[in-house]
Structures are given as C-alpha cells and as structure tokens.
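We name chains A, B, ... by the order of the sequence lines, and we start the count at 1 in each one.
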Number of protein chains: 2
Amino acid sequence: MDMKIQSTVPEAITELLRAHQITPTSQRVKVAGILFAEPAHFCAEQVYVRVNADDAEVSKATVYNTLGLFVARGLVRQVFVEPGKVFYDSNTKPHHHFYDTGSGELTDIDALGVALHELPPLPADTELDSVDVIVRIKRQFKTRRV
Amino acid sequence: MDMKIQSTVPEAITELLRAHQITPTSQRVKVAGILFAEPAHFCAEQVYVRVNADDAEVSKATVYNTLGLFVARGLVRQVFVEPGKVFYDSNTKPHHHFYDTGSGELTDIDALGVALHELPPLPADTELDSVDVIVRIKRQFKTRRV
DNA sequence: GTTAGACTTAGAACAATTCTAAGCCTATAA
DNA sequence: TTATAGGCTTAGAATTGTTCTAAGTCTAAC
C-alpha cells in the first residue's frame with residue numbers, strides 16, 4: 001500500500017515554481033514540497049534527508065542546485081548563523097530570527113522592522129539588499145531554583 | 001637591518017591580553033597586534049597572511065587557536081555573513097555592520113542600538129547573548145548616467 | 001637541572017559545498 | 001515515429017575553511 005501524506009498540494013507547488021520562472025521538475029517539486037509544507041528553517045542536509053525519507057531519489061548535488069536556484073529566484077532566503085551552516089528559510093516576508101546558541105534552533109521574529117527605520121545612510125553608490133537581524137540567545141543558568 | 005614598524009605598542013597588547021586572562025605568548029601578541037592596530041574585520045586567512053608577512057613564524061593552527069581563544073575571552077567577536085567565512089571583529093563596542101555583497105567588504109555601523117529597544121520577549125528560560133544586525137548592500141546599477 | 005603544564009606545530013582529518021563530466025529526459029523538428 | 005538539442009540530474013572528485021592529533025618546544029617552579 002502506498003499512502004503518502006501530501007503535506008502540500010503538488011499543483012500549488014508547481015504553480016509557485018512556474019510563477020518564479022522555475023521549470024517544475026519532479027526533484028524541484030519534492031524539495032519545494034518540503035520547504036513550503038510549513039515555515040521552516042532547514043539546512044541543505046536536512047532537506048536532503050527529508051526529500052529522501054522514503055527512498056533515495058534526489059542527489060545531494062541536486063538539493064544544492066535546487067536550493068541555490070530557489071535563493072536566486074527569491075523563493076527562499078539564506079540565513080547565516082554559524083560558520084559552515086546555512087539555513088534556508090521559506091518565510092519570505094520581512095522578519096528576523098532568534099538563534100539559540102545552545103541547541104542551534106532558529107525561530108522567527110516577525111514584524112520587527114525597527115532596524116530599517118533608523119538605518120544610517122548607505123555608502124555611496126550602493127543600494128539596500130536586505131537586513132538581517134539575528135538575536136542570539138542562550139539557555140539561562142538556573143542559579144536559584146533547582 | 002631590522003626596522004619593523006610596530007603599529008601598536010607591544011606592552012599595551014601584553015597588558016590587554018593579561019587583563020583578559022590570556023598568557024601573552026609571542027604568537028598571541030603578534031595576532032593581537034594585527035587585530036588591534038586599528039578596528040578591523042579580518043578572516044582567519046587574512047590574519048595568517050599578515051602575521052607572517054615578514055617571515056613564516058605562526059602556524060595556521062595557532063592562528064585559529066588564538067582567534068578562538070580571543071573570542072572565548074571576549075576580546076574579539078565573530079561575524080557571519082557568508083557560508084564558510086568568519087570575520088573577526090576587534091571592535092567590541094555594540095555596533096552593527098554593512099556587508100557589501102559584491103566586494104565582500106564589511107564596515108561598521110555604530111550606535112544603532114535600535115533593534116534592542118523593540119525586541120520581542122525572549123523565549124522562556126533564555127537570556128540575551130547578542131544582537132547582530134547585518135545590512136546587506138549591493139552596488140547600484142547606474143542606469144542613468146554613464 | 002628536572003619536571004609539569006601549557007603552547008605551538010605540521011599535517012591529517014573533517015564537513016559543507018561546489019565542480020565535473022557523463023548520462024538522462026523531454027520537447028520540438030524532421 | 002525517430003533525431004536532436006537543451007536543460008536537468010547524478011556520482012563522485014575536488015575544494016575550502018576549520019578542527020583534530022600527536023609530537024615537539026617552551027617556560028616557570030621546584
């Protein structure tokens with residue numbers, strides 16, 4: 001029996017890709033299906049594992065190619081919090097992040113938008129690309145209670 | 001003849017290291033001399049090149065060890081802007097960064113401090129570690145003038 | 001002088017990512 | 001239907017930045 005739960009309607013994914021000038025191949029639809037099932041912060045490895053959870057069908061090179069293409073087309077956004085680890089964030093609305101330095105967990109902070117207001121003038125001949133705010137947090141030492 | 005320009009007084013460096021519980025070995029003093037000659041954003045490789053500009057005397061492992069130690073002791077701060085490249089920032093005052101996505105250049109934005117104000121409540125049992133604001137900028141296409 | 005511990009080193013190992021070159025797939029043309 | 005061309009995918013090699021390892025060096029205290 002082959003009962004897979006489709007977390008997102010494939011046609012919707014296909015449309016999304018087309019809307020971004022991306023030919024919807026089966027591999028790309030699979031990857032997109034994982035990224036857009038819900039707002040998520042996955043690194044390439046996690047996408048690779050998830051995309052091949054049932055059976056190994058998408059190569060690592062393709063996962064990287066696809067993620068790179070999605071980034072170039074503005075479908076997802078990269079978040080850098082640690083050396084040697086890139087997160088791919090499927091939430092494209094302007095928002096920022098909490099990064100738990102202990103667990104490595106990344107969570108959204110939405111509608112902050114404050115940093116943009118009081119931004120100093122940009123250097124000459126440059127324009128704004130994006131603003132990344134990363135709030136690093138750590139687990140509290142519980143000194144009082146046990 | 002051996003006339004080296006000492007950009008920073010070695011005794012001051014030595015003191016700085018001691019003040020941070022760091023035994024001032026010759027290698028560490030050299031690395032610190034480069035980082036603190038002026039506010040700078042170097043990656044490990046750049047430090048390695050500069051520290052050995054005259055003669056190869058400090059190994060790569062030591063550069064990494066030393067930078068890691070400086071980070072742990074709060075002498076310098078890491079900035080992540082790209083996968084696979086860590087910048088070490090000798091400016092320890094609270095500040096943020098412009099990152100030129102074209103040239104890879106990192107420059108300070110000081111006294112912004114805005115993001116901190118309207119920060120949402122932190123997740124339970126966590127405390128603030130740091131706030132990194134990275135404003136990515138890109139060279140403007142000059143469509144009008146030539 | 002010995003000794004212990006911390007520090008440095010070259011080179012190996014490692015992990016994330018990119019590259020390469022070959023094969024595959026699909027749409028269109030003949 | 002069979003060629004053909006282009007883009008897509010692939011395994012595995014290569015690359016890059018970083019960390020590890022194990023051995024050697026230095027230094028300070030005895």
Side-chain angles (χ1 to χ4, degrees), chain A residues 13-14 17-18 20-35 41-52 55-73 75-89 101 104 106, chain B residues 13-14 17-18 20-35 41-52 54-73 75-89 99 101 104 106:
Chain A
I13 297 278
T14 299
L17 296 186
R18 279 197 221 285
H20 286 81
Q21 277 74 255
I22 296 170
T23 312
T25 66
S26 71
Q27 291 89 341
R28 289 169 181 177
V29 171
K30 268 199 165 192
V31 170
I34 281 150
L35 291 172
H41 304 102
F42 293 136
C43 63
E45 178 65 23
Q46 292 173 309
V47 172
Y48 176 70
V49 168
R50 278 167 177 71
V51 92
N52 290 314
D55 209 346
E57 290 162 30
V58 182
S59 73
K60 205 159 254 193
T62 297
V63 170
Y64 276 102
N65 287 344
T66 302
L67 291 172
L69 180 63
F70 286 4
V71 169
R73 292 285 195 282
L75 262 172
V76 302
R77 161 181 162 187
Q78 292 180 310
V79 186
F80 311 115
V81 281
E82 296 239 336
K85 181 161 267 186
V86 180
F87 283 100
Y88 293 87
D89 185 349
T101 53
L106 198 64
Chain B
I13 298 278
T14 300
L17 296 185
R18 279 197 219 284
H20 286 80
Q21 277 73 255
I22 297 170
T23 311
T25 66
S26 71
Q27 291 89 342
R28 288 169 181 176
V29 170
K30 269 199 163 191
V31 170
I34 280 149
L35 290 172
H41 304 101
F42 293 136
C43 64
E45 179 64 23
Q46 292 173 308
V47 172
Y48 176 70
V49 168
R50 279 167 177 72
V51 92
N52 290 313
D54 39 9
D55 208 346
E57 290 162 31
V58 182
S59 74
K60 205 158 252 191
T62 297
V63 169
Y64 276 102
N65 287 344
T66 302
L67 290 172
L69 182 62
F70 287 3
V71 169
R73 292 286 195 280
L75 262 172
V76 302
R77 162 180 160 185
Q78 291 181 308
V79 186
F80 311 115
V81 282
E82 296 239 336
K85 181 161 268 186
V86 180
F87 283 100
Y88 292 88
D89 185 348
Y99 180 65
T101 53
L106 197 65

Notebook entry, point to check: How do B/Val63 and B/Pro83 order along DNA chain C: which one's closest nucleotide is nearer the 5' end?
Noted result: B/Val63
Check: Do you know which of B/Asn65, B/Thr62, B/Val63 makes side chain to side chain contact (heavy atoms under 4.5 Å, CB included) with B/Gln27?
Finding: B/Thr62
Next item on the list: For A/Tyr48 and D/dT9, give me the distance from atom OH to atom C1', rounded to whole Å.
Entry: 13 Å
Check: With respect to the phosphate group of D/dT10, does any side-chain polar atom (N or O) of A/Gln27 fall under 4.0 Å of OP1 or OP2?
Finding: yes
Notebook entry, point to check: Taking for each residue the nucleotide of DNA chain C bearing the nearest heavy atom, is the 5' side occupied by B/Ile22 or by A/Cys43?
Noted result: B/Ile22
Check: From A/Thr66 OG1 over to A/Leu17 CG, what is the distance, rounded to the nearest 0.5 angstrom?
Finding: 9.5 Å
Margin query: Show the nearest heavy-atom pair for residues B/Glu82 and B/Tyr99, with the distance to one decimal.
Written below: OE2-OH, 2.8 Å
Next item on the list: Return yes if some donor-acceptor pair links the side-chain N/O of B/Asp89 with the main-chain N/O of B/His41 below 3.5 Å, else return no.
Entry: no
Check: Looking for any heavy atom pair under 4.0 Å, which part of the strands does A/Thr25 touch: base, sugar-phosphate only, or nothing?
Finding: sugar-phosphate
Next item on the list: Return the nearest nucleotide to the side chain of A/Val58; candidates are D/dC20, D/dC8, D/dT10.
Entry: D/dT10
Check: Quick one: B/Gln46 CD to D/dG17 C1', roughly how many Å, whole number?
Finding: 13 Å
Next item on the list: Ignoring hydrogens and angles, state whether a donor on the side chain of A/Gln46 or A/Tyr88 is under 3.5 Å from an acceptor on the partner side chain.
Entry: no
Check: Taking atom P of D/dC8 as reference, at what distance in whole Å does atom NZ of A/Lys30 sit?
Finding: 19 Å
Margin query: Any non-hydrogen side-chain atom of A/Phe42 less than 4.5 Å from a side-chain atom of A/Leu35?
Written below: yes
Next item on the list: Consider the side chain of A/Ser59, meaning its heavy atoms from C-beta on, and name the nucleotide among D/dC8, D/dC20, D/dT10 that approaches it most closely.
Entry: D/dT10
Check: Considering only D/dT10, D/dC8, D/dT18, which nucleotide approaches the side chain of B/Lys60 most closely?
Finding: D/dT18
Check: Taking only N and O in the side chain of A/Thr23, is any of them less than 4.0 Å away from OP1 or OP2 of D/dC8?
Finding: yes
Note to self: With heavy atoms of chain A within less than 4.0 Å as the criterion, where does contact along DNA chain C begin and end?
What the structure shows: C/dA16 to C/dC19
Note to self: Measure CG/A/Asn65 against C1'/D/dG12 and give the value in whole Å, please.
What the structure shows: 14 Å
Note to self: Measuring from atom CD1 of A/Ile22 to atom CD1 of A/Ile13, what distance do you get when rounded to the nearest 0.5 angstrom?
What the structure shows: 11.0 Å
Notebook entry, point to check: Within this structure, what is the CD-to-C1' distance between B/Gln78 and D/dT19, rounded to whole angstrom?
Noted result: 13 Å
Check: Expressed in angstrom and rounded to an integer, what is the separation of B/Lys85 atom NZ from D/dT15 atom P?
Finding: 18 Å
Next item on the list: Can you figure out which of D/dG17, D/dC20, D/dT10 approaches the side chain of B/Tyr64 most closely?
Entry: D/dG17
